[in-house]
Amino acid sequence: MTSAATGGNSSVKGKTTISDSVVSTIAGIAARETSGVYAMGGGMARTLGSMRDKVSSSEDATRGVKVEVGEKQAAIDLEIVVEYGTPIAEAAGNIRSNVSDTVQSMTGLEVVEANVSVLDVHVPGPDEGSKESSPGESRVR
């Protein structure tokens with residue numbers, strides 16, 4: 001679906017259409033930029049997406065994002081994984097705000113809904129920069 005957006009101060013008339021994929025990309029990037037977000041999308045989507053990312057060397061900005069775009073409004077559904085220790089309610093509010101502000105400023109569409117589904121909590125393991133020792137190392141000196 002596309003959306004007609006009017007704006008600007010130009011005296012030239014015309015119609016601007018913004019595709020759903022554009023809104024999905026903007027919303028996905030804005031959500032990922034929010035503090036406390038580890039990843040977007042569910043388990044299978046993340047697994048397939050990470051394989052696709054390795055092949056294409058770029059991350060799919062629309063993973064975990066679904067949008068419904070009308071002529072003047074948009075509704076957005078986001079699936080996220082948060083970092084352990086992140087206050088989830090606060091992160092969800094920050095995501096809603098960042099996504100809504102960014103989509104509105106870039107497209108002129110009013111975001112009437114931004115639903116955030118927290119699917120998982122990421123707990124860093126020893127191979128992700130944690131200071132835990134390897135099995136062969138002594139923990140004390």
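In the hydrophobic cluster analysis, where Ile, Leu, Val, Met, Phe, Trp and Tyr join through side-chain heavy atoms closer than 4.5 angstrom, Ile29 is grouped apart from Tyr38. Transitive grouping of hydrophobic side chains (ILVMFWY, heavy atoms separated by less than 4.5 Å) brings Met106 and Ile18 into a common cluster. Follow the hydrophobic side-chain contacts under 4.5 Å out from Val112 and you never reach Val69; the two are in separate clusters.
One finds the CG atom of Asp20 at 8.5 Å from the CD atom of Glu68 (value rounded to the nearest 0.5 Å). Note that CZ of Arg96 and OG1 of Thr34 are 11.5 Å apart. Values are rounded to the nearest 0.5 Å. Residue Leu78 holds its CG atom at 9.5 Å from CZ of Arg32, rounded to the nearest 0.5 Å. In this structure, NZ in Lys72 is found 11.0 Å from CG in Leu109, a value given to the nearest 0.5 Å. Here Asp60 contributes atom CG and Thr25 contributes atom OG1; the two are 7.5 Å apart, rounded to the nearest 0.5 Å. Going from atom CD1 of Ile95 over to atom CD1 of Ile80 covers 3.5 Å, rounded to the nearest 0.5 Å.
Contact detail for Thr86 and Ala91: the closest heavy-atom pair is CG2-CB, 3.7 Å. Pairing each heavy atom of Val67 with each of Val65, the nearest pair is CG1-CG1, 4.0 Å.
Under the 3.5 Å distance criterion, the side-chain polar atoms of Ser100 are left unmatched by any main-chain donor or acceptor of Ser97. For Asp120 (side chain) and Val81 (main-chain N/O), no donor-acceptor pair under 3.5 Å exists by modelled atom type. The backbone N or O of Gly41 sits nowhere less than 3.5 Å from a side-chain atom of Arg63 that would complete a donor-acceptor pair.
Two residues are said to be in side-chain contact when any heavy atoms from C-beta on lie closer than 4.5 Å; Val99 and Val111 fail this criterion. Contact of the Ser117 side chain with the Leu119 side chain is registered, since non-hydrogen atoms from C-beta on lie closer than 4.5 Å.
Remark: Glu110 pairs with Gln73 by the side-chain hydrogen bond (donor to acceptor under 3.5 Å, both in side chains) rule, at least two apart or across chains.
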